[in-house]
Visitor: 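Once you've had a glance at the structure underneath, I'll fire off some questions.
Per chain, numbering begins at 1; letters A, B, ... match sequence-line order.
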Number of protein chains: 2
Amino acid sequence: MSASQTQHRIIEAAILVFNEDYSAPLEHVAEQADVTRRTLHRYFTGREELLASCAQEMRRSCQQAMLQALNSSAEPRKQLEYMLYAGVDCGAKYALFNKLHSRPEHHHTPLNADCAAYDSVCSRFRNVITQLQEQGAISLHLTTAWVMALFNGVVVATVNAATAGAVAPNSLKEFAWFSFSKGIGV
Amino acid sequence: MSASQTQHRIIEAAILVFNEDYSAPLEHVAEQADVTRRTLHRYFTGREELLASCAQEMRRSCQQAMLQALNSSAEPRKQLEYMLYAGVDCGAKYALFNKLHSRPEHHHTPLNADCAAYDSVCSRFRNVITQLQEQGAISLHLTTAWVMALFNGVVVATVNAATAGAVAPNSLKEFAWFSFSKGIGV
DNA sequence: TAACTATGTCTCAAATGTGAGACTTTATGC
DNA sequence: GCATAAAGTCTCACATTTGAGACATAGTTA
């Protein structure tokens with residue numbers, strides 16, 4: 001196993017664990033990554049540094065997936081659909097990315113690259129929703145904030161359904177888009 | 001402040017905090033409850049005991065609300081609607097109740113009153129969904145597991161929207177039911 | 001007011017989590 | 001197979017969290 005591979009595996013494990021339990025001991029992360037705590041500490045001096053790496057990875061992954069979704073079509077309806085698939089694909093990354101940036105104790109500043117990326121994604125999202133509302137594709141009585149909250153809720157539902165194994169993985173995206181699109185009146 | 005009042009306030013605070021961060025230090029719970037950690041420890045000898053009290057309160061509250069919802073109507077469609085409102089009203093209690101009982105590390109046993117209550121609620125839920133599917137009110141290609149996952153996702157969405165203050169509280173239930181009911185094809 | 005109760009303050013010991021040094025073992029590539 | 005890198009083991013010091021005793025203080029009620 002190469003060094004960067006292990007490092008990446010630890011980050012992925014950390015995102016899974018912290019999404020479930022933000023203050024979980026690093027031992028749990030190490031177990032999830034299938035390494036010892038000693039190895040984890042060789043790559044990350046502490047929780048702060050690990051969290052920073054997670055934040056960076058979540059930003060990179062989510063931003064990339066969302067931008068690709070937006071570039072896949074010029075039609076807002078398709079853009080929204082692909083954004084949902086992107087969120088589902090990112091899974092825990094997307095869930096934690098959102099969770100951390102919408103906490104009351106989160107110190108938001110556009111100077112931080114992660115915050116800027118979050119803002120950017122939210123802004124693009126809002127634009128798509130606004131466009132759909134203008135063309136009457138989204139029920140008018142729903143607010144943009146609710147549509148975004150629902151979007152996140154649907155992603156959380158897929159993450160939970162996937163980890164619980166209660167829903168066939170190849171049906172997840174279909175179910176998610178069906179429920180979300182109908183749920184906002186598209 | 002009477003003793004039982006304080007005790008209850010601590011439990012409510014703990015449910016809010018643990019729903020956000022399961023391994024949060026008890027200091028955070030004390031802060032949320034607006035008491036000192038010393039006071040918290042007078043009521044609960046430790047984390048385990050506090051968690052047990054939370055589990056009991058979540059069970060009591062969720063079960064009561066769900067049963068009331070089911071008893072409000074004989075029509076499955078109405079029952080489902082009231083169950084969603086019940087979930088939204090319970091908020092973090094419902095969210096954490098679910099979270100804890102659907103964890104892989106959770107040791108499920110029907111002998112435990114909390115587990116039994118969870119099973120009971122799930123079972124009643126499944127019955128309602130099955131009835132609706134039989135009368136063709138729910139899209140046939142959706143599985144029961146997905147409908148339940150979506151239900152939980154919508155409740156999570158309302159909890160987040162409420163704590164973020166992004167959606168007017170008096171619109172939440174209406175939005176939630178609109179999105180959920182359309183989302184499953186009712 | 002006096003007695004009682006609930007809570008806060010200060011303190012401390014035990015438990016748990018954290019970070020890293022020193023060395024060994026296991027993979028990996030040449 | 002040998003050199004090297006990566007990961008494990010054992011160990012320890014330090015920080016944080018946890019649980020509770022001793023006592024002071026505020027609020028409540030007889």
Side-chain angles (χ1 to χ4, degrees), chain A residues 1-58 60 92-93 96 99-100 103-107 114, chain B residues 1-58 60 92-93 96 99-100 103-107 114:
Chain A
M1 181 71 66
S2 86
S4 66
Q5 270 182 312
T6 302
Q7 186 172 34
H8 197 252
R9 206 149 48 95
I10 293 172
I11 293 172
E12 297 285 325
I15 291 171
L16 287 180
V17 170
F18 291 151
N19 185 46
E20 291 291 320
D21 181 1
Y22 188 68
S23 295
L26 299 183
E27 182 81 51
H28 291 190
V29 176
E31 279 167 21
Q32 175 77 37
D34 204 34
V35 296
T36 58
R37 198 167 59 81
R38 188 66 192 86
T39 298
L40 186 151
H41 277 297
R42 281 211 187 84
Y43 289 95
F44 305 96
T45 57
R47 186 182 216 87
E48 288 308 309
E49 196 180 313
L50 177 56
L51 274 170
S53 294
C54 289
Q56 196 184 337
E57 167 60 21
M58 292 187 294
R60 193 198 58 73
K93 288 182 196 180
L96 188 56
K99 213 179 281 184
L100 295 189
R103 297 203 162 201
E105 64 264 35
H106 170 63
H107 213 63
D114 300 318
Chain B
M1 181 71 65
S2 87
S4 64
Q5 269 182 314
T6 302
Q7 186 171 33
H8 197 254
R9 206 149 48 97
I10 293 172
I11 292 172
E12 298 284 327
I15 292 171
L16 288 180
V17 170
F18 292 152
N19 185 46
E20 291 290 322
D21 181 1
Y22 188 66
S23 295
L26 299 183
E27 182 81 51
H28 292 189
V29 175
E31 279 167 19
Q32 175 78 38
D34 204 33
V35 296
T36 58
R37 199 168 57 81
R38 188 66 193 87
T39 298
L40 185 152
H41 278 295
R42 282 210 185 85
Y43 288 96
F44 306 96
T45 57
R47 185 181 217 87
E48 288 309 308
E49 197 180 313
L50 177 55
L51 274 170
S53 294
C54 289
Q56 196 184 336
E57 168 59 21
M58 292 187 294
R60 194 199 58 72
K93 288 183 194 178
L96 188 56
K99 213 179 282 184
L100 295 188
R103 297 204 162 199
E105 64 265 36
H106 170 64
H107 214 63
D114 299 318

Visitor: Could you tell me the separation between the CD atom of B/Glu31 and the C1' atom of C/dG8, rounded to a whole number of Å?
Guide: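 Value for this atom pair: 15 Å.
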
Visitor: When the distance from CG of B/Leu51 to P of D/dG19 is rounded to whole Å, what number comes out?
Guide: 11 Å

Visitor: Round to a whole Å and report the spacing from CG of A/Leu50 to P of C/dG17.
Guide: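 A/Leu50 atom CG is separated from C/dG17 atom P by 16 Å.
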
Visitor: Within a strict 4.5 Å, meaning less than it, do heavy atoms of the A/Glu27 and A/Leu40 side chains meet?
Guide: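 A side-chain contact under 4.5 Å is absent here.
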
Visitor: So, using side-chain hydrogen bond (donor to acceptor under 3.5 Å, both in side chains) as the criterion, who are the partners of B/Glu48 when residues are at least two apart?
Guide: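 For B/Glu48 there are no side-chain hydrogen bond (donor to acceptor under 3.5 Å, both in side chains) partners, ignoring immediate neighbours.
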
Visitor: Using the test side-chain hydrogen bond (donor to acceptor under 3.5 Å, both in side chains), find all partners of B/Glu31 that sit at least two apart in sequence or belong to another chain.
Guide: none

Visitor: Heavy atoms only: give me the nearest A/Asn19-A/Ala92 pair and the separation to one decimal.
Guide: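 Looking at all heavy atoms of both residues, the closest pair is ND2-CB, 3.8 Å.
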
Visitor: What does the B/S/- profile of nucleotides 18-29 of chain C look like, 5' to 3', with a 4.0 Å heavy-atom cutoff to protein?
Guide: BBBBB-----S-

Visitor: Whole-Å distance between D/dA6 C1' and A/Leu40 CG?
Guide: 14 Å

Visitor: Any non-hydrogen side-chain atom of B/Ile11 less than 4.5 Å from a side-chain atom of B/Phe44?
Guide: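 Counting from C-beta outward, B/Ile11 and B/Phe44 do come under 4.5 Å.
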
Visitor: Just the rounded figure in Å: distance from P of C/dT16 to NE2 of A/His28.
Guide: 12 Å

Visitor: Using modelled atom types and a 3.5 Å cut-off, is there a donor and acceptor pairing between side-chain atoms of B/Glu20 and backbone atoms of B/Val17?
Guide: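 Such a contact is absent between B/Glu20 side chain and B/Val17 backbone.
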
Visitor: Using a cut-off of less than 4.0 Å, is there contact between a side-chain N or O of A/Thr39 and OP1 or OP2 of D/dG8?
Guide: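 It does, given that an N or O in the side chain of A/Thr39 lies less than 4.0 Å from OP1 or OP2 of D/dG8.
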
Visitor: Rounded to whole Å, please give me the gap between OH in B/Tyr43 and P in D/dA20.
Guide: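 Atom-to-atom, B/Tyr43 to D/dA20, this comes out as 15 Å.
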
